[in-house]
Amino acid sequence: MEKSISNKEIADLLRKVAAAYTIKDENKYKFQIIAYQRAADSIEHSSSEVKDLWDEGKISEMAGIGPSIEAHLDELFKKGKVKHFQEIFKGLPEAMFEMLKIPGVGPKTAFKLCKKLKIYQKKGAILKLEEAIKLGKVRDIEGFGEVSEEKILKGIQELARKTERILLPIASKIALEVINYLKENKSVLRADPLGSLRRQCSTIGDIDIAVASDNPKQVIEHFKKFPNKVRMLEAGERTASLIHTRGYQIDLMIQPPSAYGALLQHFTGSKHHNIKLREIALKKGYSLSEYGIRPVKKGEKLEIGSEKEERPQGKLIEFATEEEFYKFLGMDWIPPELREDTGEIEASLSKTLPKLVETKDIKGDLHLHSNFSIEPSHDIGENSPEKIIQKAASLGYEYVAFTEHNPSVSQHSISQILTLLRRKKEYIEQLNISRINNLSIKAINSLEIDIKPDGSLAIPEEGFKFLDFAIVSVHSSFIMDKKRMTERILKALSYPKAKILGHPTGRKLNEREAYEADWEKIFQFCKQNNKFLEISAYPDRLDLPDFLVKEAAKVGVKMVISTDSHKVSQMDFMPFGVAVARRGWATKEVILNSLPFEKIKKFLLNS
DNA sequence: GCCGTTTTCGGCCCGACTGTTTTCAGTCG
């Protein structure tokens, strides 16, 4: 019986190996440590399960996995453990690896604490450490003091809090508020979000803001007076941090306009993007940093026993814009959404970066809940179809689809359901010829239908004739094995009128994991049968996730970006769905609702 | 231990901060 091992578990194991090597002999194993950390990163960020790749014999295709680690993983999957790893772990207390979870505690610190405090067992290790600190026992250990006790304690508290990551729309709103405030000061020449927010990740850690200014002191003073804060954390010469009243940390970094490009580039990341970029730069003889680019000459060969040699450094070259920064390295500017080291650097060097879809390309919203009284089992929309059409017009759309939830099955007879569906069809038809039509928004009569656990759809067969097309979605029985869930979804998509799979993975950010399904199989089915996958712009869904968008597009599946709005204000979420698509390398060619009505008709209304 | 538009051998990203030290080790992004 093979035990399934998740990517996270494998990555954790490889990081343990790296930590163990650090303790054994950091200098001797210096490059093994890096190699194992890289392999761990690579696996953790992989969009496919390593176990699946192993089954297919494709594990060595992963970056950072060579013959040695491949052999170890082979052993891991076959026997459930790795002899070589066991030997490396020998003599190291399990408790040490537990303590590594504490922010600010690395291998050396963890090992020392375990040894000196005689904490060996994994279970309760952090609790015992906390007790030892409270008894003042840590300050007596060489290399520790009262301040480090406090620091570890804070780390333990932080670990316990495990603060949720901020949803993209919330982070965007807060960042905009801070940026607008900063711009009130005339010393602020430019201000932009940084980090995962600028890369438009679906969830954000801290909110980092870049400012271009020749007068950093004045900017910091202004920042210190930001009204919506709990307190300042620190304020230095060109950096400052505060806690926003919403509880999130806001970091500020300032550079003169002449060096602003390098600042933006550096702190936008991602870490992996930057590492790869610096490696490439170094081969061309340049060293990159947040201040700019510096030519370097490789040092002479090291003498045996000599200390590490400084590379002779040239004069720093500054960059006002990111475009110039990348251009200097012979690259096209890379949209921040792509900067994850998943091929964008190579594409930039070969001038083959995709032209990503933009919000202005979107011609309509195909997932909207109005307040039309269809007596659904799930939540009803807040606003009338007419109001939604007005909003659509203000967004420059050509069409909208009304996709209320299906009438509840338990509360209605079949004939009642058919009556409701007929009534809605007639209503939408009226709408299309009514005076609201002079806004020339085409209304499409659709429905979001529950996929029942057996894959059948929750309206009677005769009901489909009242629909232009249907979105089908899983709203119940999320826990189901992969095979059954895949069959369930494929069966639902087999209905002729079922065209779009709504919020395909069912994930809820900070709340619920995606259910398991064989996405490759679903992608193939969609491609062959002209079915489409939704990219939900709804803030806690953002589903399909970006990496699956990329895979779906690779297979040739078209997608639809929709807001799943339950009130008109939510129709403004569209850019967040576009952000997910962009992170998935989507061009407008793979986004169905970038097409005008006449063209989507043949895809959606053809059965 | 991994990897290759300078290499199949000889390299391997960059800088800041912090706390404990009197010159540096550990951790982080």
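Letters go in sequence order (proteins before strands), and every chain restarts at 1.
In this structure, A/K154 places its NZ atom 16 Å from P of B/dC28, rounding to the nearest Å. Note: CG (A/N27) to C1' (B/dC12) measures 15 Å, nearest angstrom. In this structure, A/R15 places its CZ atom 18 Å from P of B/dG1, rounding to the nearest Å. Distance CD (A/E70) to C1' (B/dC3): 15 Å, rounded to an integer number of Å. Going from atom CD1 of A/I152 over to atom P of B/dC28 covers 11 Å, rounded to whole Å. A/K276 has its NZ atom 17 Å from the C1' atom of B/dC14, to the nearest Å. When rounded to the nearest whole Å, the span between NZ of A/K112 and P of B/dT27 equals 10 Å. Rounded to a whole Å, the CD atom of A/E26 is 11 Å from the C1' atom of B/dT27.
Comparing atom distances between the A/K283 side chain and each of B/dT7, B/dG15, B/dT27 picks out B/dT7 as nearest. Across B/dG19, B/dC2, B/dG15, the shortest atom-to-atom separation from the side chain of A/S148 is found for B/dG19. The side chain of A/A35 has B/dC2 as its nearest neighbour among B/dC12, B/dC2, B/dA16. Checking B/dT27, B/dT20, B/dC14 against every side-chain atom of A/V147, the shortest atom distance belongs to B/dT20.
A/H84 comes within 4.0 angstrom of the backbone, heavy atoms only, and of no base. No contact: A/I33 has no heavy atom under 4.0 Å from any strand. Residue A/I65 is in sugar-phosphate contact alone, with no base atom involved, counting any heavy-atom pair closer than 4.0 Å across all strands shown. Using a 4.0 Å heavy-atom distance criterion, A/Y29 is classed as making no nucleic acid contact. Contact annotation for A/A281: no contact, since no heavy-atom pair falls under 4.0 Å across all strands. Backbone-only contact: A/Y36 has heavy atoms under 4.0 Å from sugar-phosphate atoms and none from a base. Looking at heavy-atom distances under 4.0 Å, A/E279 makes contact with sugar-phosphate atoms alone, never a base. At the heavy-atom level, A/I275 lies under 4.0 Å from base atoms of the strands shown.
Under the 3.5 Å distance criterion, the side-chain polar atoms of A/S350 are matched with a main-chain donor or acceptor of A/E346.
Inter-residue side-chain proximity for A/H244 and A/I207 is flagged as unmet; no heavy-atom pair is nearer than 4.5 Å.
Look at the C1' atom in both B/dT5 and B/dG1: the space between them is 24 Å, to the nearest Å. The P atoms of B/dT6 and B/dC12 are separated by 14 Å, rounded to the nearest whole Å.
Both A/H72 and A/D208 lie close to DNA chain B; mapped to their nearest nucleotides by heavy-atom distance, the more 5′-ward contact belongs to A/H72. Each of A/R38 and A/S60 was matched to the nucleotide of DNA chain B holding its nearest heavy atom; the match closer to the 5' end belongs to A/S60.
The aromatic rings of A/F319 and A/F328 stand perpendicular to each other, their planes meeting at an angle above 60°, with 30° marking the opposite boundary.
None of A/E340, A/E344, A/R339 except one satisfies the side chain to side chain donor-acceptor pair (under 3.5 Å) rule with A/H273; the exception is A/E344.
Once the 5.5 Å centre distance and the 30° plane angle are applied, the aromatic ring of A/F31 is found not to be stacked with the base of B/dC2.
For B/dT5, the O4'-C1' to base torsion is more than 90° from 0; the nucleotide is therefore anti.
Under 3.5 Å, the side chains of A/S241 and A/D251 contain a donor-acceptor pair of N or O atoms.
By the 6.0 Å and 45° rule, A/K16 stacks over the aromatic ring of A/F89.
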